[in-house]
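Single-structure report; data block below.
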2 protein chains.
Amino acid sequence: MTTHSATAIAHPNIAFIKYWGNSNDRLRLPVNSSISMNLDGLFAETSVEWLDHLSSDEFTLNGESQTGESLQRVAYHLEILRNRLGRQSKAKVVSANNFPTGAGIASSAAAFAALTAAGVAAAGETLSERELSTIARLGSGSAARSIPSGFVEWYAADTHEDSYAQSLFAPDYWDLVDIVAVINKGHKAVGSTAGHSSAQTSPLQAARVAEADERVARVRAAISERNFSDFAEVVELDSNLMHSVMMTSNPPLFYWEPASLRIMKLVREWRAEGLRVCYTLDAGPNVHCICVRSDAETVRSRLNKLSEVLTTLSANVGGGAQVLQQ
Amino acid sequence: MTTHSATAIAHPNIAFIKYWGNSNDRLRLPVNSSISMNLDGLFAETSVEWLDHLSSDEFTLNGESQTGESLQRVAYHLEILRNRLGRQSKAKVVSANNFPTGAGIASSAAAFAALTAAGVAAAGETLSERELSTIARLGSGSAARSIPSGFVEWYAADTHEDSYAQSLFAPDYWDLVDIVAVINKGHKAVGSTAGHSSAQTSPLQAARVAEADERVARVRAAISERNFSDFAEVVELDSNLMHSVMMTSNPPLFYWEPASLRIMKLVREWRAEGLRVCYTLDAGPNVHCICVRSDAETVRSRLNKLSEVLTTLSANVGGGAQVLQQ
């Protein structure tokens, strides 16, 4: 008897050049290319079981059976998988994250990458990494980047097939560490999907996008040369550009908290002192402090001493989405 | 015997549509038009005495004899006045502000407006308000706006003669109050003059400038109609746009402090509750909370309860620069 189940894990990723705004909201085609690294140690683990007798898709997240929007978003993605795989049956999906949901640690990226990888494997199929990346993208844009391994570039393109992510460098190419200063575990006020639609209401979005390719090239080169000082300058600029767009959208989106700003300023001071660390923030208040491994303990220890920091999470560069052997 | 001295006062102003970046740094011709209100109660009081026997200009600020850059900037402005007025003599300048210097309350605007008005009067001359505004602009761009009364528009233009400010509405046209939440009395890290030169290094400056005329028109209309809700939306957007440019300049300029961001967020919450208040920040960390007079006491009392707020300054809409009668 053939089993129709599989389990996959995928890591969240932190973008160095950000994804913010789509040229096509339904297909989640981004207005600009982006670059990220996967976060080792943090992951979504997702099992998919295609079951002929089920009358509707089922989704359990972190031990809780999901309904409403959360279920619908997964069911919509399962429908995409059914169409691609030529299957009729519904699925039972069980997923768990080992990191807090919705606090700027792109949980949906890991979730939809793992769901895609597990759903395909559970059907006994093998698809190219490129195609897996495009399918994951349909569930959550940045999930495209959680399919390949290590340092990843996701290409902006006009068609579904051409907007995929691929690995630029393996995880061990450069020993960067992301130390996430968690200052607010609450769920973010405006989710990324809604935020992407508002990007075009900012008078600054076009200018952010216009030079994005140049910033992508600069970060790619900085990683290639392991040049931390160039890397830091572009990564912080790109984060500031995205948050500038957010804060000047209509209505404005302020993901930064006072504590975020304090940590951003401290990180700049620490770098001026000689520590190789820079900051970047996604659509949430937590500050991702990207540093080289030899400075990671110092950075983490300084962050943990700040009264605003609830906790820190630390992640090396992670691999790609993986189907676990049964 | 003719006296060759005069004293003038001028108020600082707070911009609703910001001045940030010049098309000509030497002439301080701004890249975009701006709108402000003068701040009654806060002022620079400046005496100028043209003295034939002086071998060089002298400048005393807040009781302290000035040397170096501070003196040079005043001497440079006196030279402009000498050229215009056909005088040779040097001057003794004594000035004092009744508000803290260099903490985001545009002290140079009041200073150069008062210096211009006093210098011209001390020479026994009378110039048009328009010309006084252009001359004040040469000392400090925003000083152009401290010459006329009340709500003021300063025009961007290609020539010295055409870039002047004029009153849109008298002070009593709309009973707005600026409550300044002072969170840091220290001198700002990067002065406005240096900051203006860096504006063009931001990838966002062109986009900010491109729609500035539209925002000027919206604020002018909102004041004309006393429409606080329209006013608040544009004023906060414009402040966010300027700080977006600052934070994405090379090197980035962060005038916001964590406390600034906290107050900005609170102001938005208070407005959502029904208080007619909005925020704007100049090149400093202090938050200017612009409100209608009937809500001013509530806003001030709430601000004073915040641990980050050292003190509050409160100002109604002020008049123009004035020569005091001897």
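As the structure is a prediction and not an experimental result, all values here were calculated from the model. By convention in this document, chain letters (A, B, ...) are assigned in the order of the sequence lines, proteins followed by strands, and residues within each chain are numbered from 1.
Looking only at heavy-atom pairs under 4.5 Å with chain B, the residue among A:Met247, A:Arg208, A:Lys265, A:Arg262 that has the most is A:Lys265. Ranking A:Glu236, A:Arg268, A:Gln205 against chain B, the residue ahead of the rest is A:Arg268, based on heavy-atom pairs under 4.5 Å.
Remark: side-chain polar atoms of B:Thr248 are paired, donor with acceptor, to backbone N or O of B:Ser244 under 3.5 angstrom.
Less than 6.0 angstrom separates the ring centroid of B:His196 from the ring centroid of B:Tyr19. Remark: aromatic rings of A:Trp270 and A:Tyr279 are distant, center separation not under 6.0 Å.
A salt bridge is defined here as a Lys NZ or Arg NE, NH1 or NH2 lying under 4.0 Å from an Asp or Glu carboxylate O, and B:Asp295 with B:Arg276 meets this definition.
The contact between B:Glu233 and chain A is made entirely by side chain atoms (from C-beta outward), counting heavy-atom distances below 4.5 Å. The part of B:Asn250 that comes within reach of chain A is its side chain, from C-beta onward, which places non-hydrogen atoms under 4.5 angstrom from that chain.
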